[in-house]
Protein chains: 2
Amino acid sequence: MAGSTLATGRRTLARLLAALLSLALAACVSPPPLRGTGNLGVVIERASGSVQIVDNTHEQALARVQGLGDLSHASVVFSADARYAYVFGRDGAISKVDLLTARLVQRVEQASNSIGGAISSDGRVIAAQNYSPGGVKLFDADSLALLASVPAAAGANGQPSRVVGLADLPGKRFAYALFDADEIDVLDASTPTAPKIQRFAHIGKQPYDGLASGDGRYFIAGLYGEDGLALLDSWHADAGVRRILAGYGRGRQTLPVYKMPHLRGWSIAGDYAFLPAIGQHEVLVADNRSWAQVATVPVLGQPVFVMAEPGGRRVWVNFAFPDNDKVQVIDVPTRQVIKTLQPGRAILHMEFTPRGDAVWLSSRDDNKLLVIDTTTLTVRRTLPALEPSGIFFSSRASRMGM
Amino acid sequence: MAGSTLATGRRTLARLLAALLSLALAACVSPPPLRGTGNLGVVIERASGSVQIVDNTHEQALARVQGLGDLSHASVVFSADARYAYVFGRDGAISKVDLLTARLVQRVEQASNSIGGAISSDGRVIAAQNYSPGGVKLFDADSLALLASVPAAAGANGQPSRVVGLADLPGKRFAYALFDADEIDVLDASTPTAPKIQRFAHIGKQPYDGLASGDGRYFIAGLYGEDGLALLDSWHADAGVRRILAGYGRGRQTLPVYKMPHLRGWSIAGDYAFLPAIGQHEVLVADNRSWAQVATVPVLGQPVFVMAEPGGRRVWVNFAFPDNDKVQVIDVPTRQVIKTLQPGRAILHMEFTPRGDAVWLSSRDDNKLLVIDTTTLTVRRTLPALEPSGIFFSSRASRMGM
């Protein structure tokens with residue numbers, strides 16, 4: 001009896017012990033090791049609705065996060081502390097991913113069709129740009145609680161316009177264009193529950209994309225309905241929007257346009273802006289003060305992204321189908337193509353490490369990522385990925401015009 | 001007896017349980033909570049040999065780390081993952097601080113007198129610039145193991161020159177100037193155990209500081225021994241070093257120089273460089289293409305740091321004694337002082353948040369930090385600090401020319 005009591009007592013204690021230890025271990029084991037977040041990144045896996053979290057110093061994949069919905073057109077911004085990625089899906093959802101725990105911590109379905117978003121310069125407000133219903137919505141970056149819904153001005157059909165080209169400007173502002181209403185708007189989110197909108201009407205027909213300069217001063221919209229681009233100098237907003245690069249666009253097109261280039265691909269390198277010609281096998285070079293075109297660089301296909309290395313010494317170009325298996329590298333001082341790479345099928349995106357030692361490419365049809373050394377122009381590493389498209393590094397957290 | 005055995009058994013188990021739990025808890029409790037590192041910073045507390053770790057989103061101090069030696073002149077760079085700060089002290093030591101655990105994880109005494117350092121563009125190599133003995137040493141960024149020691153060319157006294165102005169350039173290179181040997185050197189650390197040096201001799205008398213442009217293309221050295229500045233265009237290194245801003249310097253000085261300005265304070269804002277005149281109550285404005293001086297902005301004292309907001313819209317200026325309790329704000333388009341602040345005694349340094357929503361100031365003699373809203377130009381927060389000097393945010397990890 002005593003032996004039985006003893007055994008029972010021991011069993012009880014042993015069970016208690018085991019339970020407590022297992023609790024303690026659960027608390028212990030589950031947190032991932034401490035690490036900095038300055039060298040992380042997110043790769044969109046478009047067909048599977050997942051993202052990979054990668055480390056761009058050690059050039060390795062860390063984890064896959066699933067359940068992000070339709071990522072056929074997706075973009076990503078980062079929280080100010082570089083811990084969270086906000087993924088904007090084509091289906092109108094914002095997915096907040098914790099890069100440290102590799103978990104989808106929140107998901108908000110905020111529109112039925114969306115084209116991306118941005119984060120305010122103070123990191124407190126997420127702005128989503130929507131096609132349907134057309135407009136901009138503001139969310140708290142921590143909780144993703146809705147702060148304001150701003151319908152866009154109506155287009156010819158009476159519906160709120162589709163919003164494109166949304167970019168953050170300094171001072172908690174966002175700039176964007178209205179495809180159906182020929183407008184550029186600047187939204188001041190200083191009081192995010194009551195944003196102030198400054199509207200610039202009749203800026204040109206059908207702005208289809210936009211970008212901000214790296215210092216957040218200029219906002220430029222590409223025009224689908226006519227040639228040229230619309231430029232807003234936010235330092236002199238009272239002067240309104242003016243037209244630049246009048247010859248830019250579809251007007252002189254001699255080739256079918258396989259893919260409208262992304263304006264976000266634009267790059268300032270040295271004193272010049274490099275931009276993809278539309279429908280032409282050319283990269284255009286414009287003076288970044290006068291915005292006059294000063295040169296063209298012949299390339300092998302229709303350029304999509306034209307991206308300068310962070311140091312501006314070289315510009316990298318990828319192409320529309322059928323040349324989307326190639327990448328060309330332009331030397332900026334001589335404006336010559338110095339290298340043609342054939343790294344994989346369907347090269348959809350490029351992202352440079354923060355100080356430009358490497359560039360990561362996504363090869364959708366070969367299900368891989370390539371890390372290319374920008375000094376030797378050779379492939380340093382290949383990583384598997386499921387139909388990868390966009391690549392976004394967390395150093396974007398401290399950049400403007402994203 | 002059975003009861004006694006039971007009690008003994010229980011006590012033993014209880015002790016075992018307690019020991020195991022305490023072990024488990026020790027492992028559990030000690031790691032700090034997970035957090036991103038993109039919004040961290042380090043504040044030098046010069047008299048106490050300590051640094052504060054701060055959070056620039058929540059505007060709060062997180063911890064103090066002590067035992068960093070002589071910080072009377074200190075500078076900081078960050079690891080690529082933004083987890084570690086490397087603090088270069090005046091006493092020639094490099095202290096590696098873990099921002100997550102708030103611990104001094106390593107300290108290397110590598111010279112008897114040092115003036116700072118930099119980290120290579122790939123984040124793998126730390127370079128220290130030394131006065132005594134004069135030269136550059138390269139260290140592994142992870143282990144701080146010495147990789148190479150590069151004595152500087154000898155000055156007139158036959159000793160290796162003091163090294164100043166060390167800055168990282170793209171492609172794992174560093175540029176620096178030799179005060180005693182009138183030289184600018186570019187070091188290629190692609191093979192860090194066998195660095196290659198490119199030397200530019202006779203660049204001007206006594207280069208006393210240097211800076212790289214934000215894209216890492218230009219390296220500019222200030223000359224103590226004569227007027228003007230020495231400019232190296234690293235894209236066209238074969239063209240050598242040329243002289244710019246011939247009127248810049250001590251030659252036309254009419255006031256005693258209380259403090260040589262830091263060249264690192266230079267700023268590109270819009271199309272212009274803003275720089276502190278030496279000994280004059282002026283900020284000079286130069287065209288950033290021709291490097292010709294185009295204007296001067298009168299200010300209230302001798303400028304020390306002249307720093308543009310990240311968006312370039314305004315330039316902030318602090319001053320040498322006896323005006324070091326004031327800060328002036330210049331509007332870039334009109335080149336007018338629009339605000340004079342008197343935030344505290346001995347304002348030694350300024351650091352902008354990555355996208356410019358706030359600027360942090362250190363007030364050494366009031367033992368405080370001030371966080372100023374750049375939109376309203378008002379003090380948003382004050383934090384205590386022990387004789388603070390330099391403030392460095394981890395977003396520098398992804399910037400060039402630091």
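Below, chain A is the first sequence line, B the second, and so on; all start at residue 1. Below, each value reflects all heavy atoms present in this structure, side chains not excepted, and no hydrogens, waters or symmetry copies.
- Among B/L100, B/D98, B/T375, the residue with the largest count of heavy-atom pairs under 4.5 Å with chain A is B/L100.
- Residue contact with chain A, scored on non-hydrogen atoms closer than 4.5 Å, involves the side chain of B/R217 exclusively.
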Checklist entry - Which is it for B/F352 and B/W360 under the ring pair (Phe, Tyr, Trp, His ring centres under 6.0 Å) test, yes or no, and what are the steps along the way? => result CA-CA 6 Å; B/F352 292 95; B/W360 288 46; over 10 Å; no
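- Listed options B/D81, B/V332, B/T101 were ranked by heavy-atom pairs under 4.5 angstrom with chain A; first place goes to B/D81.
- B/R381 approaches B/E59 most closely through the heavy-atom pair NH1-O, 3.5 Å.
- No cation-pi contact links A/R173 to A/F219, judged by a cut-off of 6.0 Å to the six-membered ring centre and 45° from its axis.
- Ranking B/P354, B/S213, B/A358 against chain A, the residue ahead of the rest is B/P354, based on heavy-atom pairs under 4.5 Å.
- Among the candidates A/S395, A/G123, A/P310, A/G356, the residue making the largest number of heavy-atom pairs closer than 4.5 Å to chain B is A/P310.
- With A/V42 as the fixed residue, the side chain to side chain contact (heavy atoms under 4.5 Å, CB included) test singles out one of A/I391, A/V97, A/V65, A/V76: A/V76.
- Remark: aromatic rings of B/Y218 and B/W235 are distant, center separation not under 6.0 Å.
- In terms of heavy-atom pairs under 4.5 Å with chain A, the best-connected choice from B/R313, B/R289, B/K172 is B/R289.
- With a 4.5 Å cut-off on non-hydrogen atoms, B/T353 does not touch chain A at all.
- Both the backbone and the side chain of B/R399 have a heavy atom closer than 4.5 Å to some heavy atom of chain A.
- Both cation-pi conditions hold for B/K96 and B/Y84: the charged atom is under 6.0 angstrom from the six-membered ring centre and inside a 45 degree cone around its axis.
- Most heavy-atom pairs under 4.5 Å with chain A: of the set B/S121, B/P170, B/G312, B/G38, this distinction falls to B/S121.
- Considering only residues two or more places apart in sequence or on other chains, B/R355 meets the side-chain hydrogen bond (donor to acceptor under 3.5 Å, both in side chains) condition with A/D168.
- In this structure, no portion of B/S79 lies under 4.5 Å from any heavy atom of chain A.
- The closest side-chain heavy-atom distance from B/D188 to B/P195 is not below 4.5 Å.
- A/S120 touches chain B through its backbone: at least one of N, CA, C or O sits under 4.5 Å from a heavy atom, while the side chain does not.
- Listed options B/D357, B/D55, B/D215, B/D373 were ranked by heavy-atom pairs under 4.5 angstrom with chain A; first place goes to B/D357.
- Top candidate by heavy-atom pairs under 4.5 Å with chain B, chosen from A/T57, A/D122, A/L34, is A/L34.
- Ranked by non-hydrogen atom pairs under 4.5 Å with chain B, the options A/P333, A/G214, A/S398, A/S394 are led by A/S398.
- Two residues are said to be in side-chain contact when any heavy atoms from C-beta on lie closer than 4.5 Å; A/W291 and A/L231 meet this criterion.
- For A/D142, the salt bridge (charged side-chain N to carboxylate O under 4.0 Å, His left out) criterion is met by no residue, not counting sequence neighbours.
- Of the atoms belonging to B/A397, it is backbone heavy atoms, and not side-chain ones, that fall under 4.5 Å from chain A.
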